[in-house]
2 protein chains.
Amino acid sequence: MIYNRIKILRTEKGLSRKDLAEAVGVNFQTIGYLERGDYNASLELAFKLAEYFNVPIDMAFSPRPFKTMAEELAELRAAEK
Amino acid sequence: MIYNRIKILRTEKGLSRKDLAEAVGVNFQTIGYLERGDYNASLELAFKLAEYFNVPIDMAFSPRPFKTMAEELAELRAAEK
DNA sequence: TCATATTGTTATATATATACAACAATATGA
DNA sequence: TCATATTGTTGTATATATATAACAATATGA
């Protein structure tokens with residue numbers, strides 16, 4: 001099982017599943033399946049999504065559960081000297 | 001089509017396909033298919049392979065052809081101030 | 001040279017990702 | 001409130017990843 005941040009990345013950009021699906025060239029229901037964790041993206045789709053959101057692939061997909069982006073951001077800012 | 005550096009990463013470690021396959025839990029012929037580019041790894045397998053080699057996933061897989069690691073290393077060293 | 005390990009190739013079977021359709025449930029905006 | 005967009009869910013069909021087997025070709029080491 002691979003975890004992903006598709007839903008939150010999409011929501012932050014104010015996109016519908018349909019918008020996102022068209023942007024990366026898949027069926028809009030495929031986005032729904034991925035967001036619900038019904039199955040994993042292919043490597044190819046994972047790269048397309050990461051590139052579309054302009055994030056490294058491991059910021060969008062991970063074999064371990066993600067922290068929230070808020071948590072991660074706060075920790076990074078706290079760690080800055 | 002996703003490019004990968006599995007063959008060279010494996011060779012640098014002196015592993016056979018069988019060794020690598022056992023380490024990441026797939027059939028040894030699956031490694032062969034990936035190395036020959038017959039098909040792409042799943043996201044799950046891609047993460048396992050990257051973790052096994054201790055490299056970020058985009059150092060092992062890319063939607064665009066890789067430079068050789070030698071080239072990349074040489075450029076990085078040249079870029080150091 | 002011989003024996004063995006490794007790799008390449010072909011073929012078949014199964015699991016999973018994706019497409020697509022239909023419809024219900026929920027939100028959103030006029 | 002009504003109309004419309006979005007999301008969730010179920011089902012069927014197809015494409016692709018993976019497992020497995022068999023065997024040929026090539027390398028490696030005794």
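Excluded from the calculations below are hydrogen atoms, water molecules and symmetry mates; all remaining heavy atoms, backbone and side chain alike, are included. Labels below follow one simple rule: chain letters A, B, ... track the order of the sequence lines, proteins then strands, and each chain is numbered from 1.
- Residue B:R36 places no side-chain N or O under 4.0 Å from the OP1 or OP2 atom of C:dT10.
- Of the listed nucleotides (C:dT6, C:dT18, D:dA17), C:dT6 has the atom at the smallest distance from the side chain of B:S16.
- The cationic group of B:K13 lies under 6.0 Å from the six-membered ring centre of B:Y52 and within 45° of the ring axis, placing it in a cation-pi geometry.
- Within the nucleic acid shown, B:Q29 comes within 4.0 Å of at least one base atom, counting heavy atoms only.
- Among the duplex regions that DNA chain C forms, those built from at least three successive Watson-Crick or G-U pairs under 3.5 Å are C:1-30 with D:1-30, ordered by first number.
- To the nearest 0.5 angstrom, A:T68 atom OG1 is 9.0 Å from A:L73 atom CG.
- The CG atom of A:L49 sits 13 Å away from the C1' atom of C:dT18 (whole-angstrom rounding).
- Between B:S42 and C:dT16 there is no side-chain polar atom (N or O) within less than 4.0 angstrom of OP1 or OP2.
- Residues A:V55 and A:M59 come closest through the heavy atom pair CG1-CE, 3.6 Å.
- A donor-acceptor pair shorter than 3.5 Å cannot be found between the side chains of A:N27 and A:T30.
- In terms of polar N and O atoms assigned as donor or acceptor, the side chain of A:Y39 never comes within less than 3.5 Å of the base of D:dT16 in a complementary pairing.
- Closest approach to the A:A41 side chain among D:dT18, D:dT6, C:dT18 is made by C:dT18 (side chain taken as heavy atoms from C-beta onward).
- The OH-C1' distance, from A:Y33 to D:dT7, rounds to 13 Å in whole Å.
- We find that CD of B:E35 is positioned 16 Å from P of D:dA17, with the value rounded to whole Å.
- At least one test fails for A:R64 against the ring of A:F66: distance under 6.0 Å to the centre or angle within 45° of the axis.
- Computed from coordinates, the A:L43 CG to C:dT18 C1' distance equals 15 Å when rounded to whole Å.
- For the pair B:N27 CG and C:dT14 P, the interatomic distance rounds to 16 Å; values are reported in whole Å.
- When rounded to the nearest whole Å, the span between CD of A:E22 and P of D:dA5 equals 13 Å.
- Within the cation-pi definition used here (under 6.0 Å to the ring centroid, within 45° of the axis), A:R5 does not qualify as a partner of A:Y3.
- As a whole-Å value, the separation of A:L20 CG from D:dT6 C1' is 14 Å.
- For B:I31 and D:dA19, the CD1 to C1' distance is 13 Å, given to the nearest whole Å.
- Between A:N40 and C:dA17 there is a side-chain polar atom (N or O) within less than 4.0 angstrom of OP1 or OP2.
- An OP1 or OP2 oxygen of C:dA19 is reached within less than 4.0 angstrom by a side-chain nitrogen or oxygen of A:T30.
- A:I2 and B:F47 make their closest contact through CD1-CD1, 3.8 Å (heavy atoms, listed as atom of the first residue, atom of the second, distance).
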